[in-house]
Protein chains: 2
Amino acid sequence: MTTQKSSAHDKAAVPDIVIGRLPIYLRTLTIFRNSGKDVTSSQELGEYLGISSAQIRKDLSHFGEFGKQGTGYNVAYLCKQLEKILKVDCVWPVLLVGAGHLGHALASYEGFENRGFRITGVFDSSQEKVGGQIGNLVVQPMDELNDFVSRQRCQIAIIAVPAEAAQNVANLLIKVGVKSILCYAPITLTLPPHVQVEYIDPVIHFQHMTFYLSKGCIDS
Amino acid sequence: MTTQKSSAHDKAAVPDIVIGRLPIYLRTLTIFRNSGKDVTSSQELGEYLGISSAQIRKDLSHFGEFGKQGTGYNVAYLCKQLEKILKVDCVWPVLLVGAGHLGHALASYEGFENRGFRITGVFDSSQEKVGGQIGNLVVQPMDELNDFVSRQRCQIAIIAVPAEAAQNVANLLIKVGVKSILCYAPITLTLPPHVQVEYIDPVIHFQHMTFYLSKGCIDS
DNA sequence: CCTTGTGAATATGTTCACAGCA
DNA sequence: TGCTGTGAACATATTCACAAGG
């Protein structure tokens, strides 16, 4: 087995903000590919995304040389490479905590699978919800979490429970070995540094937008 | 009427990235307030959020001087000020397009109202969905959009339709005068520059996280 | 021609560190 | 003392602009 040599394309050297753009590139390139486009350029992709072509080229240059001068990028090839870089050339099991409206929506969503993810377990603390069916999954009680994570080697979890319950759920998830959490509860979690968290809260986006709007509310 | 004088706290001068953090501060301060905390400091808030205290102080300094040396910030007062800055000291009407699982979850969510937003209309293009009830709202057909927006002066919309339909929905929303769009469809919309868009796509977050995970997938 | 990949130049964002005040 | 608000220093990110290659 060859030791991986540290190179100009060393992973540790890639800024997180660059990693954050790769999924956007991949999403768009996949659309290009599915609509039959064979080749694209940094300029075309950039115009489509509202990003400068230089930025796209520099971002990609952290990982290798994927393009051809004068021609651009082979769409299918670049998709493959980005999938490899992001490690989504496979399907990751994801566990979901919370079987409310949002949990239902997430568990029923068909768009995860072909982008590298599959919700393989749904958990809820409520006796009423446990045992219920969502798609082809049965809602499990929280004390099944540990067994489930061991069996599936599941590293990723979604928290879709009310804000009051989210921190406790997060603590539990970490205890059973989850490494990355996507939190839909409108709070900031306190977590050990080796755990990744990202947040989705539509109100944060709304409030960002209203700053730029001229006021036009219903009531005070 | 007095003309607003351009000042050191000129709105145009505030970087967008700063605006983007204010809703997070507000969310956290509101939690502090609701748990009975009267006073906080940039250090306390920063530790809670994983942000440096200097950053918080500098961010706030764009808008005024809200703290007291030696003491810190009055939580309730700072909440009020942030609500005013973000223009969420009121309730904004929001229209929702898409009455699928996600649309249901959003329309039923109770957490919008006390943070400045209320979904006041749900629209869907499907004959089957139109007329259906979600909470206290009735799903309306798309051709009611125009009247609705005029009546409500609704500037904000959520797109919760499949990717294939999203661009057309967005075009329609712009035509009827919507100014800001929160798009849940996994695509980048092409829009005139005067329209604000933000995106929510959980897969983007997952793919960001898997970059840092060691691979452990179900299948290839 | 056209487009990539990349150093150099620029622009933006964050932190430091301290004066000033409760 | 303890904490804010803020210029100056530093760090990071983006864009420019061009050599090199198809």
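Protein chains get the first letters and strands the later ones, always in sequence-line order, with residue 1 at the start of each. Note that these values count all heavy atoms, side chains included, but never hydrogens, waters or copies made by symmetry.
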> What integer distance in Å separates A:Glu65:CD from D:dG22:C1'?
Replying inline: 14 Å

> In whole Å, what is the span from the CG atom of A:Asn74 to the P atom of C:dT4?
Replying inline: 13 Å

>> How many whole angstroms separate atom OH of A:Tyr77 from atom C1' of C:dT4?
In response: 14 Å

> Would A:Leu173 and A:Val97 count as a side chain to side chain contact (heavy atoms under 4.5 Å, CB included) if you check the C-alpha gap in whole Å, the side-chain angles of each, and the deciding distance to 0.1 Å?
Replying inline: CA-CA 9 Å; A:Leu173 289 170; A:Val97 184; 4.1 Å; yes

> Taking the inter-plane angle between the rings of B:Tyr48 and B:Phe32 on a 0 to 90° scale, is it parallel (under 30°), tilted (30 to 60°) or perpendicular (over 60°)?
Replying inline: perpendicular

> Which nucleotide, C:dC16, D:dT15, C:dG13, lies nearest any side-chain atom of A:Lys58?
Replying inline: D:dT15

> When we call it a touch if two heavy atoms are under 4.0 Å apart, what does A:Ser42 touch: a base, just sugar-phosphate, or nothing?
Replying inline: sugar-phosphate

>> Show every side-chain hydrogen bond (donor to acceptor under 3.5 Å, both in side chains) that has at least one partner inside residues 154-168 of chain B, sequence neighbours left out.
In response: B:Gln167-B:Asn171

>> Taking only side-chain N and O atoms of A:Gln55, does any of them lie within less than 4.0 angstrom of OP1 or OP2 on D:dT14?
In response: yes

>> Just to be sure I understand the rule, does B:Leu60 reach a base, reach only the sugar-phosphate, or reach nothing, if contact means heavy atoms closer than 4.0 Å?
In response: nothing

>> Strictly below 4.0 Å: does A:Ser52 bring a side-chain N or O up to OP1 or OP2 of D:dT15?
In response: yes

> Whole Å only: how far is the CG atom of B:Asp59 from the C1' atom of C:dT14?
Replying inline: 10 Å

> Between C:dT4 atom C1' and A:Glu44 atom CD, what is the distance in whole Å?
Replying inline: 15 Å

> Hey, does the side chain of B:Arg21 come within less than 4.0 Å of C:dT14's phosphate (OP1/OP2), counting only N and O?
Replying inline: yes

>> Of the listed nucleotides (D:dT6, D:dT14, D:dT4), which one gets closest to any side-chain atom of B:Ser61?
In response: D:dT6

> C:dT12 P sits how many Å from B:His62 NE2, rounded?
Replying inline: 13 Å

> When you check the phosphate oxygens OP1 and OP2 of C:dA22, does a side-chain N or O of B:Tyr73 lie under 4.0 Å from one of them?
Replying inline: no

Contacts under 3.5 angstrom, residues 68-82 of chain B side chains, donor-acceptor by atom type, not counting sequence neighbours:
residue : atom : partner : partner atom : Å
B:Asn74 : OD1  : B:Ala76 : N            : 3.1
B:Asn74 : OD1  : B:Tyr77 : N            : 2.8

>> Using the side-chain heavy atoms of A:Gln69, tell me which of these nucleotides is nearest: D:dT4, C:dG7, C:dT4.
In response: C:dT4

> Taking CD1 from A:Ile17 and P from D:dT12, how many angstroms apart are they, rounded to a whole number?
Replying inline: 12 Å

>> Rounded to whole Å, please give me the gap between CD1 in B:Ile56 and C1' in C:dT15.
In response: 13 Å

> Counting side-chain heavy atoms from C-beta on, which of C:dT4, D:dT14, C:dT15 comes nearest to B:Ala54?
Replying inline: C:dT15

> Can B:Asp201 and B:Tyr184 be counted as having a side-chain donor-acceptor contact under 3.5 angstrom?
Replying inline: no

